[in-house]
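Here is how names work: the chains are called A, B, and so on, in the same order as the sequence lines, proteins then strands, and each is numbered from 1.
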There are 2 protein chains.
Amino acid sequence: MAGDCKVETALDILVGKWKPVILYHILGKGTLRFSELQRLIPDITKKMLTSQLRELEYHDIINRKIYAQIPPKVEYSLTEYGKGLMPLLESMHHWGLAHIKHLNEIYGEERAK
Amino acid sequence: MAGDCKVETALDILVGKWKPVILYHILGKGTLRFSELQRLIPDITKKMLTSQLRELEYHDIINRKIYAQIPPKVEYSLTEYGKGLMPLLESMHHWGLAHIKHLNEIYGEERAK
DNA sequence: TGCCATAGTATCCAAAAAGATACCATAAGG
DNA sequence: CCTTATGGTATCTTTTTGGATACTATGGCA
């Protein structure tokens with residue numbers, strides 16, 4: 001049965017409109033503060049950033065390090081386990097790129113998506 | 001910038017809550033009629049099934065073959081291009097399976113998800 | 001004394017996605 | 001005639017997501 005299909009489990013971790021971008025930035029820089037993420041992703045609200053980070057944290061993809069300072073400082077970085085997700089993200093990225101080309105071949109450049 | 005990130009392009013094709021299951025069944029049987037899909041996925045409504053199939057068709061993942069009969073007969077199957085998505089789906093499935101185990105190790109069996 | 005910065009919450013609201021339900025055309029079979 | 005089967009559409013409502021805005025605590029600095 002379809003209950004065996006765990007594609008959605010992987011999907012859950014990536015779905016949320018901001019998670020890929022967040023991971024992209026954390027991956028690129030290694031470690032990022034909350035405010036740095038906000039600056040890198042200007043259109044995201046604090047609420048969204050917080051909720052997406054918390055979900056990724058729950059799934060052990062990123063970890064959250066709080067410095068007991070004022071003003072507060074919180075750093076986010078990939079966990080060791082989270083790094084294991086990267087090959088999958090890359091595969092998805094590559095497939096996505098190729099797919100955009102494919103759509104252009106079918107429908108022509110004018111109607112991307 | 002994050003505009004280079006095409007993970008979401010891949011995601012778009014799988015997101016929709018029913019698409020993975022639909023692909024799973026089409027992949028398993030090769031070819032399926034609309035009504036067969038309905039029976040295999042009892043909780044889906046016709047509206048959802050139709051819209052998901054149309055999106056997959058737009059992306060050239062499945063094709064739709066209409067038989068000029070009454071009552072109507074329409075068959076869905078993977079396109080050659082669509083078969084190229086399968087390795088990615090399998091990677092996601094495997095990662096998803098492993099991730100469920102991982103969550104169990106972290107949080108214990110009692111709180112799956 | 002007042003203002004700034006950080007990393008959030010809390011509330012409320014709008015938009016998007018999904019679900020429920022009803023309807024349609026047509027031919028075969030009884 | 002009436003019913004059944006198929007592969008949908010059309011409409012309306014509910015649920016889920018996401019966005020806007022305001023607010024908070026605290027220490028440093030002028």
Side-chain angles (χ1 to χ4, degrees), chain A residues 2 5 7-9 11-26 29 31-59 61-77 113, chain B residues 2 5 7-26 29-59 61-77 113:
Chain A
C5 171
V7 169
E8 313 202 24
T9 305
L11 238 38
D12 279 351
I13 284 154
L14 281 339
V15 170
K17 187 179 183 181
W18 297 108
K19 283 178 196 156
V21 198
I22 291 171
L23 289 174
Y24 174 92
H25 287 297
I26 294 180
K29 295 274 181 173
T31 295
L32 283 171
R33 298 181 60 171
F34 188 88
S35 54
E36 291 175 313
L37 280 165
Q38 270 190 102
R39 275 188 282 273
L40 290 166
I41 313 169
D43 288 345
I44 200 171
T45 61
K46 287 163 170 237
K47 176 188 160 189
M48 277 295 105
L49 184 51
T50 303
S51 73
Q52 306 285 280
L53 287 169
R54 292 290 145 81
E55 288 178 34
L56 290 169
E57 191 194 357
Y58 174 87
H59 284 278
I61 306 299
I62 60 175
N63 50 37
R64 178 163 175 268
K65 184 170 181 186
I66 307 138
Y67 293 82
Q69 299 180 356
I70 282 173
K73 176 176 174 181
V74 178
E75 281 182 349
Y76 295 91
S77 55
K113 166 84 202 173
Chain B
C5 171
V7 169
E8 313 201 25
T9 304
L11 238 36
D12 280 350
I13 284 155
L14 282 337
V15 170
K17 188 178 184 182
W18 297 108
K19 283 179 196 155
V21 198
I22 290 171
L23 289 174
Y24 175 91
H25 286 297
I26 293 180
K29 295 275 179 172
T31 296
L32 284 172
R33 298 181 60 171
F34 187 88
S35 54
E36 291 174 311
L37 279 165
Q38 271 189 102
R39 275 187 282 273
L40 289 166
I41 314 171
D43 288 345
I44 201 171
T45 61
K46 286 161 171 235
K47 176 189 160 189
M48 275 296 104
L49 184 53
T50 302
S51 72
Q52 307 285 279
L53 287 169
R54 293 289 145 83
E55 288 179 34
L56 290 169
E57 190 193 358
Y58 173 87
H59 284 278
I61 307 299
I62 61 175
N63 51 39
R64 179 162 174 268
K65 185 171 182 183
I66 307 138
Y67 293 81
Q69 299 181 355
I70 283 174
K73 175 176 175 181
V74 177
E75 281 182 348
Y76 294 91
S77 55
K113 166 77 205 181

Let me know the distance between [atom1] of [X] and [atom2] of [N], rounded to the nearest Å.
X: A:Q38; N: C:dA5; atom1: CD; atom2: P; result: 13 Å
X: B:I70; N: C:dG29; atom1: CD1; atom2: C1'; result: 15 Å
X: A:L49; N: C:dT6; atom1: CG; atom2: P; result: 13 Å
X: A:Q69; N: C:dA7; atom1: CD; atom2: P; result: 9 Å
X: A:L32; N: C:dA7; atom1: CG; atom2: C1'; result: 15 Å

Considering non-hydrogen atoms only, spot the tightest contact between [X] and [Y] and give its length.
X: B:T31; Y: B:E36; answer: O-OE1, 4.4 Å
X: B:R33; Y: B:P72; answer: NH2-O, 3.2 Å
X: B:Y76; Y: B:I62; answer: CD2-CD1, 3.9 Å

- Task: Please step through side chain to side chain contact (heavy atoms under 4.5 Å, CB included) for the pair A:L23 and A:L14, ending with a clear verdict.
- Result: CA-CA 9 Å; A:L23 289 174; A:L14 281 339; 4.0 Å; yes

- Could you run down nucleotides 16-23 of chain C 5' to 3' and tag each one B, S or - for protein heavy-atom contact under 4.0 Å? --BBB---

- Query: Are B:R54 and B:R64 close enough that some pair of their side-chain heavy atoms sits under 4.5 Å apart?
  - Reply: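 The answer is yes; the side chains approach within 4.5 Å.
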
- Task: May I ask you to test the B:W18-B:L53 pair for a side-chain heavy-atom distance under 4.5 Å?
- Result: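 Answer no - side chains too far apart.
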
- If you walk 5' to 3' along DNA chain D, what is the first nucleotide with an atom under 4.0 Å of a heavy atom in chain B, and what is the last?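 On DNA chain D, the outermost contacted nucleotides are D:dA5 to D:dT11.
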
- All salt bridge (Lys or Arg N to Asp or Glu O under 4.0 Å) counterparts of A:E75, not counting sequence neighbours: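 For A:E75 the salt bridge (Lys or Arg N to Asp or Glu O under 4.0 Å) partners, ignoring immediate neighbours, are A:K73.
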
- Taking for each residue the nucleotide of DNA chain D bearing the nearest heavy atom, is the 5' side occupied by B:E75 or by A:P72?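 Between the two, 5'-proximity favours B:E75.
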
- Is any side-chain nitrogen or oxygen of A:R64 closer than 4.0 Å to OP1 or OP2 of C:dA7?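 Answer is no, no contact under 4.0 Å.
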
- Query: Which part of the nucleic acid, if any, lies within reach of A:Y67 when heavy atoms closer than 4.0 Å are counted: base, sugar-phosphate only, or nothing?
  - Reply: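 Answer is nothing: A:Y67 stays at 4.0 Å or more from every strand.
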
- Message: Looking at B:E55 and B:K19, is there a salt bridge between them, counting it only when a charged N and a carboxylate O are closer than 4.0 Å?
- Response: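 Salt bridge: yes.
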
- Kindly compute the distance separating CG (B:L11) from CG (A:L11), expressed to the nearest 0.5 Å.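 Spacing of CG (B:L11) from CG (A:L11) equals 5.5 Å.
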
